[in-house]
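Please read the structure below before turning to the comments.
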Amino acid sequence: MADLPRRLVAGNWKMNGVGDALDEARQVAEALRGAADGPRVAICPPATLIHRMALALEGSAVQVGAQDCHMEAAGAYTGDLGAGMLHDAGARLVILGHSERRSAYREDDALIAAKVEAALRAGLEPIVCVGETLEQRRSGRHLQIVQGQLAGSIPGSLSDRPFAVAYEPVWAIGSGLTPSLAEIAETHAAIRRVLVDRFGDHGATTPILYGGSVKAANAGEIMAVADVGGALVGGASLAASDFLPIIRAA
Ligand code: PGA
């Protein structure tokens, strides 16, 4: 069996955080200093904080990520940011296809795949998000939806590049609700099958993160589910006191 890569616990700050929030990131880095084992840890702050956070965390074990990027490297795209710019600012990962972008900005699978390509060209490691709505789950179509999102938003160029998939049921995000452990296991196994079909050994070891209302109280049991390779954490990543116990559970 191929060696499994380290788990990845990534914090998604969304549109939260101004200058003094960097203290939370510093506290996370400080607490992890010297910890030889444990998961890889990343924080994805708003773009305005990426550069300062990268400087503040330099030399620490905590990486900085972005929450989105444009599909083009540069050009007349008022308000947008290219992947190379985010890399230049200090980001090393990028969340793509988050459900909030899929719904609020109507991002479809083809656009997300193009953004993945742009991220790879710039040297950013993509975290590609997939997940069904409550209505899709209730109608029993969740696996089909997630498999379709994977087929459309994961380009073949990921075949030999590091990346992660995040399974985030839309109804679990920010709601305090989570799927049962059996439901998480079912979906992660389905995602794993798609990744192995597409990418063989590489797909067998790609981390599949769970996201949606992860907190200290449920992180341990979720991380113990087969094929859960880490977590994408929203609200509970904003304060070091909430985020650190999740990291420790991984
Ligand atoms: P949540 O968000 O942890 O606040 O539910 C997760 C996410 O949207 O990535």
Side-chain angles (χ1 to χ4, degrees), residues 7-17 21 24-25 28 39-47 49-50 53 62-69 86 91 93-107 112 115-116 119 124-134 136-137 142 145-146 149-150 153 163-181 183-184 187-188 191 207-223 225 228-250:
R7 286 159 179 254
L8 171 62
V9 177
N12 173 12
W13 280 14
K14 310 192 180 186
M15 199 171 74
N16 297 292
E24 301 296 331
V28 172
R40 281 174 71 200
V41 177
I43 299 177
C44 305
L49 281 183
I50 289 175
M53 187 179 286
V62 181
Q63 291 184 297
V64 180
Q67 300 173 11
D68 181 41
C69 70
L86 297 163
L93 303 96
V94 60
I95 299 168
L96 293 172
H98 190 282
S99 68
E100 285 152 17
R101 297 210 59 92
R102 286 179 185 264
S103 65
Y105 300 92
R106 299 199 169 74
E107 293 195 5
I112 294 159
K115 290 183 173 199
V116 170
L124 295 178
E125 180 180 337
I127 301 173
V128 183
C129 303
V130 296
E132 81 286 354
T133 63
L134 191 55
Q136 289 163 340
R137 174 163 283 273
H142 52 288
I145 294 292
V146 165
Q149 289 172 334
L150 286 172
S153 54
F163 73 104
V165 171
Y167 168 55
E168 297 204 307
V170 178
W171 51 274
I173 294 175
S175 64
L177 303 171
T178 51
S180 69
L181 299 178
E183 287 168 339
I184 294 174
T187 314
H188 279 239
I191 293 171
I208 306 171
L209 318 185
Y210 168 78
S213 296
V214 175
K215 46 186 190 282
N218 60 20
E221 58 183 21
I222 291 173
M223 305 285 182
V225 172
V228 172
L232 183 56
V233 185
S237 70
L238 291 170
S241 55
D242 294 328
F243 196 35
L244 279 165
I246 296 172
I247 296 167
R248 294 199 176 105

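None of the values given here were measured: they were computed from a predicted structure. Heads up: numbering here begins at 1 and tracks the sequence. Atoms within each ligand, like the ligands themselves, are counted from 1 in listed order.
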### Task
Looking only at protein heavy atoms, identify the closest one to atom 3 (O) of ligand 1 and say how far it is in Å.
G234 N, 2.8 Å
#### Entry: atom 4 (O) of ligand 1: the protein heavy-atom neighbour that sits closest, reported with distance to 0.1 Å
G235 N, 2.8 Å
### Query
Side-chain donor-acceptor pair under 3.5 Å between E132 and Y167, yes or no?
yes
### Close approach, K14 and ligand 1, non-hydrogen under 4.0 angstrom
yes
#### Entry: Donor-acceptor under 3.5 Å (S99 side chain, R102 main chain)
no
### Summary
atom 9 (O) of ligand 1: closest protein heavy atom, distance to 0.1 Å, is E168 OE2, 2.7 Å
### Query
What part of N12, side chain, backbone, both or neither, has a heavy atom within less than 4.0 angstrom of ligand 1?
side chain
### Message
I'd like to know if S213 contacts ligand 1, where contact means a heavy-atom distance under 4.0 Å to any ligand atom.
### Response
yes
### Task
Considering the heavy atoms of L232, write down every atom of ligand 1 situated less than 4.0 Å from one of them.
9 (O)
### Query
By number and element, which atoms of ligand 1 are closer than 4.0 Å to a non-hydrogen atom of H98?
7 (C), 8 (O), 9 (O)
### H188 vs V225 side-chain heavy atoms within contact, under 4.5 Å
no
### Task
Using a 4.5 Å cut-off on heavy atoms from C-beta on, say whether the side chain of I127 contacts that of N12.
no
### Sidechain-backbone polar pair: E221 side chain, L181 backbone, donor-acceptor under 3.5 Å
no
### Message
Suppose I only count heavy atoms of G212 and a 4.0 Å limit; which atoms of ligand 1 are within that range?
### Response
5 (O)
### Message
Can you tell whether the side chains of D242 and K215 come within less than 4.0 Å, N to carboxylate O?
### Response
no
### Query
Judged by modelled atom types alone, do H98 and Q67 share a side-chain donor-acceptor pair under 3.5 Å?
no
### Task
Would you mind finding which of C44, G174, S175, G211 brings a heavy atom closest to atom 5 (O) of ligand 1?
G174
